[in-house]
Amino acid sequence: MLVKGFLKKILKKPFLLNYCGKLIVIIKINKKINSIILTAGEKYYIIKCMKIGSDKTMKNFVSASILSADLLRLGSEITKLEENNIDWIHFDVMDGVFVPNISYGIPVLEQIRKKTDMYLDVHLMITDPLKYIKRFDEAGADMITFHVESESDTMETIKALQQTLCQIGLSIKPNTPAEAVFPYIEFADMILVMTVEPGFGGQKFMDMSEKIRKIREYADKHGREDLMIQVDGGIDDKTAPIVRASGANVLVSGSYLFKSDDMERSARLIRGDANAE
């Protein structure tokens, strides 16, 4: 499947191939999401390899929410994530209007990008995400997720993301029905289902299993078996199996990971790795 991807400034030296007289440039092999990015002429593509052979299970990812990190030691906290084999960094952006809290923004993301090659999973909890898509892309985001409940037109925001080098994510709050994202699934790389009310870390998990199941079933029925489903809020070793069983494969965790005495083991438990215990 060829879809638009995330060509970033951190790309390493490319590989050159010649295919049928055309120069093909393999720019990056990204093991974090099992993908190869390539260019042909002036176009670029990402080949996603979520399924290999007869294995029909999608890979699970842990996205560490740095909202729960020690922000005075953010550089060392990111190093800790790398050393403990955490898959992604989840970067929550709050404007104090769409949600009743203010976090951090573009300058912090730029510094994180300079620090790490980790996959940056940016979650915009802001009133007008359309206005800021380009700037977060330029700051280093790999995935930008925005809320369908925001004031920005959903399709126009998707179109803006299609002009960037980021993957596309859509998010819904606990009280928003699954059906709200159905018209946009064909354009999305990921759907984020909030399992808490957005705005603050450390909240109690809200079971959204039925909503996750509906989205997974709709995606599978419409040829989007590769759609990633993310959950965010109250995810730990007890709640992770619930959402995975419903069809989620990208699990955001903050407090549980950063307070753990063994972060790598905690991440394995969230993913459901065979060697978790």
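For this chain, numbers begin at 1 and follow the sequence in order. Here the structure is a predicted model, which means the values were calculated and not measured.
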Chemist: Mind checking whether Tyr104 and Phe91 have parallel, tilted or perpendicular rings, split at 30° and 60°?
Modeler: tilted
Chemist: I'd like to know if Asp137 and Arg135 make a salt bridge, using a cut-off of under 4.0 Å between side-chain N and carboxylate O.
Modeler: no
Chemist: Got Phe146 and Ile158 here, is their nearest side-chain heavy-atom distance under 4.5 Å?
Modeler: yes
Chemist: Hey, could you give me the OG1/CD1 distance between Thr195 and Ile235, rounded to the nearest 0.5 Å?
Modeler: 4.5 Å
Chemist: Return yes if some donor-acceptor pair links the side-chain N/O of Asp189 with the main-chain N/O of Gly169 below 3.5 Å, else return no.
Modeler: no
Chemist: A side-chain contact here means heavy atoms from C-beta on lying under 4.5 Å apart; do Glu264 and Asn85 qualify?
Modeler: yes
Chemist: Report the C-alpha distance between Asp220 and Glu217 in whole Å, list the side-chain angles of each, state the deciding distance to 0.1 Å, and finish with yes or no for side-chain contact (heavy atoms from CB on, under 4.5 Å).
Modeler: CA-CA 5 Å; Asp220 289 352; Glu217 289 175 352; 5.9 Å; no
Chemist: For salt bridge (charged side-chain N to carboxylate O under 4.0 Å, His left out), just list the numbers for Lys80 and Glu83, CA-CA rounded to whole Å, side-chain angles, deciding distance to a tenth of an Å, and then say yes or no.
Modeler: CA-CA 5 Å; Lys80 184 177 180 181; Glu83 291 174 344; over 6 Å; no
Chemist: For Ser63 and Asp121, test the side chains for any donor-to-acceptor distance below 3.5 angstrom and give the result as yes or no.
Modeler: yes
Chemist: Considering all heavy atoms of both residues, which atom of Asp92 and which atom of Met125 are nearest to each other, and what is their separation?
Modeler: OD1-CE, 3.2 Å
Chemist: Looking at Ser150 and Pro129, would you say the former's side chain and the latter's main chain have a donor-acceptor pair under 3.5 Å?
Modeler: no
Chemist: Has the side chain of Ser266 got a donor or acceptor atom that lies under 3.5 Å from a matching backbone atom of Leu257?
Modeler: no
Chemist: So Val62 and Trp88, do their side chains get closer than 4.5 Å, heavy atoms only?
Modeler: no
Chemist: Would a 4.5 Å heavy-atom cut-off, applied to side chains only, mark Ile172 and Ile215 as touching?
Modeler: yes
Chemist: Side-chain contact test, heavy atoms from C-beta onward, threshold under 4.5 Å: evaluate it for Glu197 versus Asn175 and give yes or no.
Modeler: yes
Chemist: Under 3.5 Å, is there a donor-acceptor pair between the side chain of Arg224 and the main chain of Ala188?
Modeler: yes
Chemist: Under a 3.5 Å distance rule, please check whether Asp95 uses its side chain to pair with a backbone N or O of Thr127 as donor and acceptor.
Modeler: yes
Chemist: Examine Leu120 and Leu170 and state if one hydrophobic cluster contains both, with Ile, Leu, Val, Met, Phe, Trp and Tyr joined whenever side-chain heavy atoms are less than 4.5 Å apart.
Modeler: yes
Chemist: Tell me if a side-chain donor or acceptor on Thr145 pairs with a main-chain N or O of His123 at a distance below 3.5 Å.
Modeler: no
Chemist: Salt bridge between Asp273 and Arg271, side-chain N to carboxylate O under 4.0 Å?
Modeler: yes
Chemist: Strictly distance-based, threshold 3.5 Å: is any side-chain N or O of Arg213 a donor or acceptor partner for the main-chain N or O of Ala245?
Modeler: no
Chemist: Could you give me the CA-CA distance, side-chain angles and deciding distance for Leu81 and Met263, then say whether side-chain contact (heavy atoms from CB on, under 4.5 Å) is met?
Modeler: CA-CA 8 Å; Leu81 296 178; Met263 180 183 282; 3.6 Å; yes
Chemist: Quick one: which of Val99, Ile102, Leu124 gives a side-chain contact (heavy atoms from CB on, under 4.5 Å) with Val93?
Modeler: Leu124
Chemist: With the side chain counted from C-beta on, respond yes when Ser103 and Leu67 share a heavy-atom pair under 4.5 Å apart, and no when they do not.
Modeler: yes
Chemist: Working note: Thr157 + Thr154, criterion side-chain contact (heavy atoms from CB on, under 4.5 Å); need CA distance, chi angles, decisive distance, verdict.
Modeler: CA-CA 5 Å; Thr157 308; Thr154 300; 5.8 Å; no
Chemist: Any donor-acceptor pair under 3.5 Å linking the side chain of Glu149 with the backbone of Lys173?
Modeler: yes
Chemist: Could you give the distance from CZ (Phe136) to OG1 (Thr164), rounded to the nearest 0.5 Å?
Modeler: 12.5 Å
Chemist: Does Tyr132 belong to the same Ile/Leu/Val/Met/Phe/Trp/Tyr cluster as Val97, with side-chain heavy atoms less than 4.5 Å apart forming each link?
Modeler: no
Chemist: Looking at Lys211 and Pro174, would you say the former's side chain and the latter's main chain have a donor-acceptor pair under 3.5 Å?
Modeler: yes
Chemist: Short question: side chain of Asn84, backbone of Ile86 - any donor-acceptor pair under 3.5 Å?
Modeler: no
Chemist: Given Val122 and Leu109, is the side-chain contact (heavy atoms from CB on, under 4.5 Å) satisfied, shown in steps?
Modeler: CA-CA 9 Å; Val122 175; Leu109 185 65; 4.0 Å; yes
Chemist: Is there a side-chain contact between Leu74 and Val108 in this structure, where contact means two heavy atoms from C-beta onward sitting under 4.5 Å apart?
Modeler: yes
Chemist: With a sphere of 6.0 Å drawn around CD of Glu82, does it hold more than 12 non-hydrogen atoms of other residues, nucleotides or ligands?
Modeler: yes
Chemist: Going by the angle between their ring planes, with limits at 30° and 60°, are Phe182 and Tyr218 parallel, tilted or perpendicular?
Modeler: parallel
Chemist: Is a donor from one side chain sitting under 3.5 angstrom from an acceptor on the other, for Thr79 and Lys115?
Modeler: yes
Chemist: Do the side chains of Glu110 and Arg113 get close enough for a salt bridge, i.e. N-O under 4.0 angstrom?
Modeler: no
Chemist: Are Phe98 and Val252 connected in a single hydrophobic cluster, I mean Ile/Leu/Val/Met/Phe/Trp/Tyr linked by side-chain heavy atoms less than 4.5 Å apart?
Modeler: no
